[in-house]
Amino acid sequence: MTGQSAAGAHDDPGSQPEGWWVFRGPSDLPAPPPWRRFPATRGTAPHAPYLLERNEISVVNAALHLHRPLLVTGRPGAGKSTLAHAVAEELGLGDVLRWSVNSRSTLQDALYRYDAVGRLREASLRREREAPRGSGRRPRARRAAAAGDIGQYLRLGPLGSALAADRPRVLLVDELDKADIDLPNDLLVVLEEGEFEIPELARLPEHQQEVQVLLSGSRERVAVHRGVVRCAHFPIVIMTSNGERDFPPAFMRRCVRLDLPEPTGDRLRKIVEHNLGEAAVAAAEDLIEVFHQRAKTQTLATDQLLAAVHLRISGADLSKEELLAAVLHRLDESLSQ
């Protein structure tokens with residue numbers, strides 16, 4: 001075994017565990033920071049309002065009035081994705097439908113998924129079960145029964161669910177700038193038309209033209225008629241970009257753009273107070289100032305500052321330099337350095 005053993009870490013008489021240590025220390029696992037609490041552990045306390053300036057709130061409302069997608073740009077950790085959850089919560093629109101985009105994403109991923117292999121496997125098992133009993137059902141009846149279960153193997157994706165919903169839903173298209181070059185325009189075509197076809201359902205015979213399909217992230221179902229999903233309530237579409245590439249003019253003219261600016265010192269203090277309380281601001285003025293200065297020339301995320309402040313106020317016995325080294329590393333730095 002290479003490296004130091006667990007016991008060896010305590011054999012050094014000059015090394016005693018610190019009181020705030022959990023690993024190789026006496027402390028119990030602490031409660032998570034507020035932004036790392038999942039729904040089951042948040043309780044029923046209302047969330048604090050999302051921090052936006054007045055002009056930024058106006059841009060969000062402009063997108064809502066125009067029923068246009070909102071393109072939110074800004075540095076990593078600026079709160080772009082969190083805005084979608086804030087809108088959904090404040091307007092009472094339920095859980096956010098999220099589509100996390102990467103270079104392999106396709107439009108169909110967001111519209112629907114059809115498990116053809118699973119359906120074929122189930123059909124084979126059904127035939128094997130019926131063969132020993134000598135099923136009296138005619139082949140045509142068996143085929144009709146098999147065709148009728150197609151909805152069990154088809155699930156709408158986040159975009160498809162947003163269009164099929166019987167009420168407005170919030171759709172978060174996260175990190176759209178990572179997509180293939182044609183995907184943004186393909187996405188807006190669907191949003192402009194407000195409908196799309198599912199070929200596997202459109203091919204069904206006339207007497208099977210209404211199929212119940214699953215919605216994204218739930219066991220709820222929605223009826224699809226003649227293989228076409230049509231939008232009754234335009235979704236609130238919030239798309240985020242870290243600015244890794246530009247979008248074509250045809251795409252930009254169909255969006256309302258909100259650019260979250262570089263945070264000022266005052267805004268950073270508001271963010272810390274908003275997440276950790278007023279006392280945290282007084283305890284972390286030096287960390288806020290260092291972050292503000294570094295962010296002018298380095299790629300940093302606001303949640304790195306929050307992590308450093310949280311460690312300080314939760315009892316971590318670390319100097320300012322140790323805190324900065326632990327969590328305030330620049331995000332554009334190569335791991336090989």
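For the single chain, residues carry numbers from 1 onward in sequence order. Any value given below was found using the heavy atoms of this structure, including those in side chains, with hydrogens, waters and symmetry copies removed. Since the structure is predicted, the reported quantities are computational estimates derived from the model, not experimental observations.
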Subject >> Glu262/Lys296 salt bridge by N-O under 4.0 Å criterion >> reply: no
Would you check if the side chain of Gln304 reaches a backbone N or O of Val327 as a donor-acceptor pair within less than 3.5 Å? yes
Taken to the nearest 0.5 Å, the spacing of Leu52 CG from Leu260 CG works out to 7.0 Å
Original post:
Under the side-chain hydrogen bond (donor to acceptor under 3.5 Å, both in side chains) criterion, do Asn242 and Lys178 qualify, and how do the steps go?
Top reply: CA-CA 9 Å; Asn242 290 326; Lys178 291 184 177 179; over 6 Å; no
Worksheet item: Can you check side-chain contact (heavy atoms from CB on, under 4.5 Å) on Glu56 and Tyr50, steps first, answer last?
Response: CA-CA 11 Å; Glu56 296 163 351; Tyr50 182 82; over 6 Å; no
- prompt: With the threshold set at 4.0 Å, does a side-chain nitrogen-carboxylate oxygen contact exist between Arg245 and Glu175?
  reply: no
Set out, in order, the CA-CA distance, both residues' side-chain angles and the distance that settles side-chain contact (heavy atoms from CB on, under 4.5 Å) for Ile150 and Glu200, then state yes or no. CA-CA 9 Å; Ile150 189 172; Glu200 292 84 355; 4.2 Å; yes
Open item on the list: Less than 4.5 Å apart, side chain to side chain, heavy atoms only: is that true for Leu191 and Leu159?
Closed with: yes
Between Arg294 and Leu328 the two heavy atoms that sit nearest each other are NH1-O, 3.5 Å
- Query: Quick one: does Arg155's side chain have a donor or acceptor within less than 3.5 Å of a partner on Leu215's backbone?
  - Reply: yes
In this structure, are over 12 heavy atoms from other groups packed under 6.0 Å from Glu18 atom CD? yes
The single option from Leu311, Asp286, Val290, Val309 that satisfies side-chain contact (heavy atoms from CB on, under 4.5 Å) with Leu323 is Leu311
ask   = Could you go step by step and tell me if Glu192 and Arg254 meet the side-chain contact (heavy atoms from CB on, under 4.5 Å) rule?
value = CA-CA 9 Å; Glu192 290 285 318; Arg254 292 181 172 91; 3.6 Å; yes
Tightest non-hydrogen contact, residues Ala301 and Phe291, listed as O-CE1, 3.4 Å
Notebook entry, point to check: Can you tell me if Arg312 uses its side chain to pair, donor with acceptor, with the backbone of Ala308 under 3.5 Å?
Noted result: no
- Query: Under the 3.5 angstrom rule, does the side chain of Arg75 hit a backbone N or O of Leu300 as a donor-acceptor pair?
  - Reply: yes
Quick one: does Glu285's side chain have a donor or acceptor within less than 3.5 Å of a partner on Ala282's backbone?
-> no
- Task: Return the orientation label for the Phe196 and Tyr112 ring planes: parallel under 30°, perpendicular over 60°, tilted otherwise.
- Result: parallel
Of Glu210, Glu197, Glu206, the one forming a salt bridge (charged side-chain N to carboxylate O under 4.0 Å, His left out) with Arg226 is Glu206
(message) Using the rule that Ile, Leu, Val, Met, Phe, Trp and Tyr join whenever any side-chain heavy atoms are under 4.5 Å apart, tell me whether Val228 and Val190 fall into a single cluster.
(response) no
- So do Arg269 and Arg267 actually touch side chain to side chain, heavy atoms under 4.5 Å? no
Query raised in the report: Within the distance-only criterion (no hydrogens, no angle test), does the side chain of Ser161 pair as donor or acceptor with the backbone N or O of Ser216 below 3.5 angstrom?
Result: yes
Check: Will you find, in the side chains of Asp109 and Thr106, an N or O donor that is under 3.5 Å from an N or O acceptor?
Finding: yes
message: When you compare the side chain of Leu183 with that of Ser105, does any pair of heavy atoms fall below 4.5 Å?
response: yes
- Find out whether Ser314 and Pro30 are in side-chain contact, i.e. whether some heavy atom of one side chain is under 4.5 Å from a heavy atom of the other. no
Scanning both residues in full, the closest heavy-atom pair of Arg257 with Val59 reads O-CG1, 3.4 Å
> Hey, are the side chains of Trp99 and Asp174 touching, using non-hydrogen atoms and a 4.5 Å cut-off?
Replying inline: no
- Item | Donor-acceptor pair, side chain of Asp259 and main chain of Pro261, under 3.5 angstrom | no
To the nearest 0.5 Å, atom CG of Leu51 lies from atom CD1 of Ile57 at 9.5 Å
* Asked: Does Arg221 reach the main-chain N or O of Gln212 with its side chain, forming a donor-acceptor pair under 3.5 Å?
  -> yes
One should read off an interatomic distance between Lys80 NZ and Thr73 OG1, to the nearest 0.5 angstrom, of 8.0 Å
The reported gap from CD1 in Ile198 to OH in Tyr114 (rounded to nearest 0.5 angstrom) is 11.5 Å
Rounded to the nearest 0.5 Å, the OG1 atom of Thr82 sits from the NE2 atom of His85 at a distance of 6.5 Å
Begin from the C-alpha positions of Leu258 and Val60 and carry the test side-chain contact (heavy atoms from CB on, under 4.5 Å) through to its verdict.
CA-CA 7 Å; Leu258 171 63; Val60 175; 4.0 Å; yes
- Task: For residues Leu156 and Leu163, determine if any side-chain heavy atom of one lies less than 4.5 Å from a side-chain heavy atom of the other.
- Result: no
Legend entry - Side-chain heavy atoms of Val222 within contact of Leu214, under 4.5 Å: no
- Val256 versus Pro69: any side-chain heavy-atom pair under 4.5 Å? no
Separation between CG (Leu188) and CD (Glu193), nearest 0.5 Å, reads 11.5 Å
In short, Asn185 meets Pro248 closest at the heavy-atom pair ND2-CG, 3.7 Å
Please tell me whether Val189 and Val237 are part of a single hydrophobic cluster in this structure, the criterion being side-chain heavy atoms less than 4.5 Å apart. no
Exceeds 12 heavy-atom contacts within 6.0 angstrom, atom CG of Asp28: no
Smallest heavy-atom separation, Thr240 atom then Leu172 atom, equals CG2-CD1, 3.8 Å
Item to complete: Please answer whether the main-chain N or O of Leu64 pairs with a side-chain N or O of Arg68 as donor and acceptor at a distance below 3.5 Å.
Response: no
In terms of hydrophobic clusters joined by side-chain contacts under 4.5 Å, are Leu318 and Val22 together?
no
**Message:** Same cluster or not: Tyr153 versus Leu120, using hydrophobic residues (I, L, V, M, F, W, Y) connected whenever any side-chain heavy atoms lie under 4.5 Å apart?
**Reply:** no
Nearest heavy-atom contact between Val96 and Ala88 is CG2-CB, 3.7 Å
Exercise for the section: For Arg169 and Asp95, indicate whether the former's side chain and the latter's backbone hold a donor-acceptor pair under 3.5 Å. Expected result: yes
